[in-house]
Amino acid sequence: MTGLPDSLADFGPAALAAVVVAAYLVVGEPVAGHVLHRRFEGRLRTDAGARRSFYRRLLVLEWGLAVLAFVVWLFATDVSAGAVGLRWPQEWPGPFTAVVVVVVLLFVVASTRQLRAGALLEMVRPTRRPGDGRHAEPPGQSTLALLPRTDDERRLFTVVGITAGVCEEWLYRGFFLAVVAAVLGGAPSFVLVVVAAVAFGLAHAYQGRAGIVLTGVLGGIMAALYLDTGSLLWPVLLHAVIDLRFLLVPASALPASSPGEQEPPEG
């Protein structure tokens with residue numbers, strides 16, 4: 001268990017800034033994510049470099065927000081590194097959390113095998129009706145469009161996957177939960193897990209309702225793993241594994257994400 005702050009006063013002169021950044025993660029990030037992804041879909045139809053450009057934009061945004069939160073924490077007078085998960089694991093996960101993590105890893109393996117076998121190729125792309133806007137793609141298709149097809153995209157996606165593991169765990173588990181614990185004045189762990197799950201799910205609102213639920217569940221699991229071990233290390237590794245599994249899916253197993261895009265050869 002982390003030594004989470006039990007009062008906003010622990011953040012000292014950084015208290016207001018910490019609350020503002022935490023509030024942005026819950027309210028602002030879903031809106032920003034929706035706008036960015038819809039713009040990306042519009043560019044994908046006409047720009048062959050749209051994915052690479054979008055990946056670079058994600059890297060700038062995620063690292064920028066992570067650095068901002070880190071600077072805010074540096075000015076927090078009485079919030080230790082351990083209170084935001086910046087230390088080695090202090091304990092092993094509890095039995096329940098460990099079982100859930102194993103189930104998640106088994107799901108990652110099984111889903112990766114299905115994706116490699118061409119499960120995505122069986123998806124039927126909905127027909128866009130006359131008059132639909134250029135951002136009228138369904139949420140599932142929006143998520144599928146993010147997956148890399150070319151070698152250059154795969155290399156950049158690797159950096160994006162690692163960045164997501166590091167930055168999002170720091171933001172939504174380490175920093176965010178410290179602020180929430182301080183505002184609530186020492187809330188029990190299950191409350192923090194639920195809050196983390198809701199915040200993380202909303203941040204992926206561009207994926208639609210199913211995406212919100214799935215990422216919310218994963219966010220809750222990683223929050224429990226963090227609170228059990230007192231460190232962000234295991235959540236970072238689990239998060240990165242979940243995202244980077246898509247690198248094991250050959251381009252030939254991915255459907256075209258726009259009408260004019262050709263299926264690239266495997267390899």
Interatomic distance, [X] atom [atom1] to [Y] atom [atom2] [nearest 0.5 angstrom]:
{"X": "T97", "Y": "Y226", "atom1": "OG1", "atom2": "OH", "answer": "14.0 Å"}
{"X": "R245", "Y": "L115", "atom1": "CZ", "atom2": "CG", "answer": "6.5 Å"}
{"X": "C167", "Y": "F70", "atom1": "SG", "atom2": "CZ", "answer": "12.0 Å"}
{"X": "L44", "Y": "S53", "atom1": "CG", "atom2": "OG", "answer": "11.0 Å"}
{"X": "L147", "Y": "R154", "atom1": "CG", "atom2": "CZ", "answer": "9.0 Å"}
{"X": "W92", "Y": "D228", "atom1": "CH2", "atom2": "CG", "answer": "12.5 Å"}

Of the non-hydrogen atoms in [X] and [Y], which two are nearest, and what is the gap between them?
{"X": "A199", "Y": "V26", "result": "CB-CG2, 4.0 Å"}
{"X": "L225", "Y": "P93", "result": "CD1-CG, 3.5 Å"}
{"X": "E153", "Y": "A48", "result": "OE2-O, 4.3 Å"}
{"X": "H37", "Y": "F54", "result": "NE2-CZ, 3.5 Å"}

Is there a side-chain contact between [X] and [Y] in this structure, where contact means two heavy atoms from C-beta onward sitting under 4.5 Å apart?
{"X": "R149", "Y": "L254", "result": "yes"}
{"X": "V166", "Y": "W63", "result": "yes"}
{"X": "L238", "Y": "L105", "result": "yes"}
{"X": "L202", "Y": "T215", "result": "no"}
{"X": "Y55", "Y": "L59", "result": "no"}
{"X": "I242", "Y": "L218", "result": "yes"}
{"X": "V71", "Y": "F75", "result": "yes"}
{"X": "L156", "Y": "P148", "result": "no"}

Would you kindly confirm whether [X] and [Y] end up in one hydrophobic cluster when ILVMFWY residues are joined by side chain heavy atoms under 4.5 Å apart?
{"X": "I212", "Y": "L36", "result": "no"}
{"X": "V159", "Y": "F246", "result": "yes"}
{"X": "V241", "Y": "F107", "result": "no"}
{"X": "F96", "Y": "V193", "result": "yes"}
{"X": "L74", "Y": "V67", "result": "no"}

> Is the side chain of R87 donor-acceptor paired with the backbone N or O of L232 at a distance under 3.5 Å, no angle test?
Replying inline: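 Side chain of R87 to backbone of L232: no pair is present.
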>> Test of understanding: with side chain to side chain donor-acceptor pair (under 3.5 Å), list the residues that count as partners of D78, not counting sequence neighbours.
In response: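 Result, side chain to side chain donor-acceptor pair (under 3.5 Å) vs D78: none returned.
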> Among all residues two or more places apart in sequence or in another chain, which pass the salt bridge (charged side-chain N to carboxylate O under 4.0 Å, His left out) test with R155?
Replying inline: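 Residues passing salt bridge (charged side-chain N to carboxylate O under 4.0 Å, His left out) with R155: D152.
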> For the side chain to side chain contact (heavy atoms under 4.5 Å, CB included) test, which of V100, L106, V99 pairs with V102?
Replying inline: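 So, applying the side chain to side chain contact (heavy atoms under 4.5 Å, CB included) to V102 and each of V100, L106, V99, only L106 qualifies.
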> Which one of L244, D243, V236 satisfies the side chain to side chain contact (heavy atoms under 4.5 Å, CB included) criterion with I162?
Replying inline: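 It is L244; the other options fail the test.
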> Can you name the residues that form a side chain to side chain contact (heavy atoms under 4.5 Å, CB included) with D6, not counting sequence neighbours?
Replying inline: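 D6 satisfies side chain to side chain contact (heavy atoms under 4.5 Å, CB included) with D10 once adjacent residues are dropped.
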> Taking only residues two or more places apart in sequence or in another chain, which ones pass side chain to side chain contact (heavy atoms under 4.5 Å, CB included) with L233?
Replying inline: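 Scan of L233 (side chain to side chain contact (heavy atoms under 4.5 Å, CB included), adjacent residues dropped) gives W88, P89, S231, L237.
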Counting only pairs under 3.5 Å, give me each side-chain donor-acceptor contact of residues 169-186, with atom names and distances, residues two or more places apart or in other chains.
{"unit_1": "E169", "atom_1": "OE1", "unit_2": "R173", "atom_2": "NE", "d": "2.8"}
{"unit_1": "E169", "atom_1": "OE1", "unit_2": "R173", "atom_2": "NH2", "d": "3.4"}
{"unit_1": "E169", "atom_1": "OE2", "unit_2": "R173", "atom_2": "NH2", "d": "2.5"}
{"unit_1": "E169", "atom_1": "OE2", "unit_2": "H239", "atom_2": "ND1", "d": "2.7"}
{"unit_1": "W170", "atom_1": "NE1", "unit_2": "A66", "atom_2": "O", "d": "3.1"}
{"unit_1": "Y172", "atom_1": "OH", "unit_2": "L25", "atom_2": "O", "d": "3.2"}

>> My understanding is that a hydrophobic cluster links ILVMFWY residues whose side chain heavy atoms are under 4.5 Å apart, including indirect links. Using that, what else belongs to the cluster containing V20?
In response: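 For the cluster that includes V20, the remaining residues are L16.
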>> F40 vs L146, test: side-chain contact (heavy atoms from CB on, under 4.5 Å). Steps then yes/no.
In response: CA-CA 9 Å; F40 158 68; L146 294 175; 3.6 Å; yes
